[in-house]
Each structure stands twice: as C-alpha cells, then as structure tokens.
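Here the structure comes first, spelled out in structure tokens, and everything after it is commentary.
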Amino acid sequence: MSVDTTSEQQEQGNNATTQHKERWDTEEPHTTEETPKPAKAPLGQRMQASLSRVEWRTTLSIAALMAVTWSMLFLGSPILQILAGIVPVLAGLMLGKRVQGDWLAHGLVLGFSGYFFGFLAVLGYGLLTEVGAFPPLILQLGPDTAPTEATVGDLLFFYATFSAFALIPFPAFGTVMAGRAEQRNRELQREITERGGRLERPGVVRTVEDLQGLSLPQFGSFVLNLYRKKGFEFNDYRFIDKDKHLDLEMSYEGEAYLLRLSVADKVRPGTIESLVQELRRRSLPKGVVLTSTEFTPDAAKAGKDRRNLVLIDGQTLFEIAEV
C-alpha cells in the first residue's frame, strides 16, 4: 500500500515556516543605541540667560564714561569728532578685559546703554544752553546750509543720526575681541603654570661654552629645535623637581621618547634613576638624558648598561648640533 507523503511533507514545511516566523516576530529587533544630542535652547532663552549673567555695575560704569567722552568729543571741533570714533572700541576693549564670558551680551548692553546715556548728556547740555548756562553750539546741519546756533532739537537730531551706528555695534565688537584675547591669555597662563614655566628663546650658540651658559628654559628650546630638525615631533614639556629638570615629550616615527634635561654643573645618578622610574611608570619605551655640562662617573655608569636609555653630555650635544 502506498502512502502519499507529499502533502504531509508540505504541511510539515509550512508548520516549520510558521514557527520560524513566530520566533522572528517575537524576538526584539537589534538596534544600535545612539547617544541623543542635547537639544539646543531657543534663541530667546539663550539671550535671556546671557543677560542674566551680565556684570551690570561694571558695564554701566564704562557705558557712562563712554557716553560722556563721546558726547564731549563728538560735539566739539572736527578734529575732536575724528578722535571720538575710537571711543566706542576702546570702551569695548576695556570691558572685554574685565568680564569673563558672554561678551556679546556685555557688548550690546554697553552699546545700547551708552547710547542712552549719551542721549541724556546731550539733552542736558542742550537744556543748559537754552537757559544760558553754556554758550550755544554752532553746527552745520546740512551740506548746503550755513552754520547756525543749534537748538535742543538740533542737538538731539545730530546725536541720534550720527551716534547710533558708532555707539551700538562697535562697543560689542571691541568687547568680543578683547574677551576672546583675554581668555586665550588666561588659558596660556594656566598651561604655563601647570607646566611649571615657559621655554625661552636661546641666544646664539657658537661654542660649547655658549651652550653651557644657557638657562634651563633656554636649553629646553635649544634641544627642542635641534630634535625637530632631526625629524622628531614635539608633544609636550614640563618642568619638574623644582625647576631642576625639564622633560620634553617627543616622538619619532610613532615611538614615544621622554627627554630629561639638566643644566647642573654635574649630572648625578639621581637624575638617571628618576627618569628610569618615570619610564617604567608611564610604560614609555625610550628615554634620553641631556645636559649642557657633563655626567659624574657614577651617573655615566648608571646609564651605560640600559638599552632604553641614552646619555648625551654637552660636548656630544654640541657636536650633534654642528652636523
């Protein structure tokens, strides 16, 4: 008796497909989680936050000084009017050096408040001329009109027409420029403090005696420039041991080197041992001890049998520089 297995096999295949599909549908899809970027606050909120951080006392004080100086020069002779053009920028530079951050907000507050203070100053001057406290100002209000005594309205029109462009954008420009420059100077000073000092430009080295006369910061620049010429890349530097040593971190063809510099009369074994410990602590492969003078016999012996360490005295370094 024959058995029809075709329909039975087909049914089994359909069941297997259905079961596989059910497993696929019940499994959670694999998704790559991405760190969401923080949403940027609306412009209005950012402006409000910047204005809340404005140092009002400092800003308004400089704005008042700028307004009075501008008004005195602007309403004076043509020569004084030319000098008045630098007042808004100078005020911005003055403010930018005194505040930290939000320079645009500070500059805009300086400009608008200075413009308002100047308006009040011109108004007060005009009213005093009306009562005879000051002689009236002679102004030429148009290219085809003769100079005449200016009324209060003329003074305010003259001020409002020619002062808005100078007193609003230029203080903001000066504040932003000075603030950024001051921030860069602070960051540079902080880096110098963290490194223990700054490298100094060496004088001309014609003899070994000139090399031996270099200070540690000058010797550091000399070695740095020399190794750069030999193809090394500079990474960082740091003064250590109360300015007795200077470490230069450099690399050559992807391999890191730590150079320890000294200008002591004679380099002793302690300098060698401290560098060996530093190499071991930081897992650095190569170290070099350089001096503008010479090593004591004990120091030369301490570094002689170390494969990852090279000692270079002043005479050898000078000969390398002359090649």
Side-chain angles (χ1 to χ4, degrees), residues 41 43-130 133-141 147 150-190:
L43 179 60
Q45 293 183 6
R46 285 182 284 151
M47 292 180 61
Q48 185 178 3
S50 295
L51 290 175
S52 65
R53 294 189 292 267
V54 168
E55 299 180 20
W56 290 96
R57 178 177 297 180
T58 302
T59 304
L60 295 180
S61 299
I62 297 178
L65 178 62
M66 176 187 71
V68 173
T69 307
W70 167 267
S71 300
M72 293 175 59
L73 296 176
F74 185 73
L75 298 177
S77 64
I79 297 179
L80 294 179
Q81 292 177 5
I82 296 175
L83 295 177
I86 65 174
V87 172
V89 178
L90 291 178
L93 296 176
M94 184 185 303
L95 179 61
K97 293 181 178 180
R98 286 167 170 76
V99 297
Q100 297 184 10
D102 299 292
W103 302 297
L104 181 58
H106 280 89
L108 291 176
V109 171
L110 174 65
F112 280 103
S113 57
Y115 180 78
F116 176 72
F117 290 156
F119 185 88
L120 294 181
V122 173
L123 176 62
Y125 176 80
L127 294 176
L128 290 175
T129 58
E130 290 287 339
F134 294 105
L137 189 65
I138 307 300
L139 294 178
Q140 184 177 359
L141 300 177
T151 64
V152 176
D154 294 333
L155 289 175
L156 295 179
F157 175 79
F158 189 61
Y159 173 84
T161 303
F162 295 97
S163 299
F165 177 75
L167 285 182
I168 295 178
F170 285 101
F173 171 79
T175 304
V176 172
M177 293 298 102
R180 289 178 177 176
E182 194 68 18
Q183 183 184 36
R184 288 193 295 268
N185 291 336
R186 285 193 294 265
E187 291 176 353
L188 178 60
Q189 189 60 42
R190 183 170 58 251

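Keep in mind the model is a prediction, meaning the values are calculated, not measured.
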Taking the side chain as every heavy atom from C-beta outward, state whether V89 and M177 have any atom pair closer than 4.5 Å. no

Under 6.0 Å from the CZ atom of R53, do we count more than 12 heavy atoms belonging to anything else shown? yes

Using a cut-off of 6.0 Å, state whether more than 12 heavy atoms not belonging to E130 lie near its atom CD. yes

Closest heavy-atom contact between A172 and L104? CB-CD1, 4.4 Å

All heavy atoms of A166 vs all of P171, minimum pair found to be O-CD, 3.5 Å

Heavy-atom pair with the smallest gap, counting every atom of A49 and S52: O-OG, 2.5 Å

What is the minimum heavy-atom distance between A105 and S50, and which atoms define it? CB-CB, 3.8 Å

Using 0.5 Å steps for rounding, measure from the CG atom of L156 to the OG1 atom of T161. 10.0 Å

Residue among T58, T59, L60, L65 satisfying side-chain contact (heavy atoms from CB on, under 4.5 Å) with I62: T58

Heavy-atom side-chain proximity of E55 to R98 below 4.5 angstrom: no

Report the C-alpha distance between Q100 and R186 in whole Å, list the side-chain angles of each, state the deciding distance to 0.1 Å, and finish with yes or no for side-chain contact (heavy atoms from CB on, under 4.5 Å). CA-CA 10 Å; Q100 297 184 10; R186 285 193 294 265; 3.7 Å; yes

d(F116 CZ, L120 CG) to nearest 0.5 Å is 4.0 Å

Side chains of V54 and D102: closer than 4.5 Å at any heavy-atom pair? no

When V87, V122, L155 are each screened for side-chain contact (heavy atoms from CB on, under 4.5 Å) with S71, the one that passes is V122

Could you grab the distance from atom OG1 of T69 to atom CE of M72, nearest 0.5 Å is fine? 7.0 Å

side-chain contact (heavy atoms from CB on, under 4.5 Å) between H106 and V176: does it pass, once the steps are laid out? CA-CA 9 Å; H106 280 89; V176 172; over 6 Å; no

Calculate, to the nearest 0.5 Å, the distance between atoms CD and CG belonging to E182 and L93 respectively. 11.0 Å

Side-chain touch L123/V152, heavy atoms, less than 4.5 angstrom: yes

Rounded to the nearest 0.5 Å, how far does CZ of F173 lie from CH2 of W103? 14.5 Å

Minimum heavy-atom separation for F117 and A67, please, with both atom names. CB-CB, 3.5 Å

Are any of the side-chain heavy atoms of R190 and E187 separated by less than 4.5 Å? yes

Aromatic ring proximity Y159/Y115, centre distance under 6.0 Å: yes

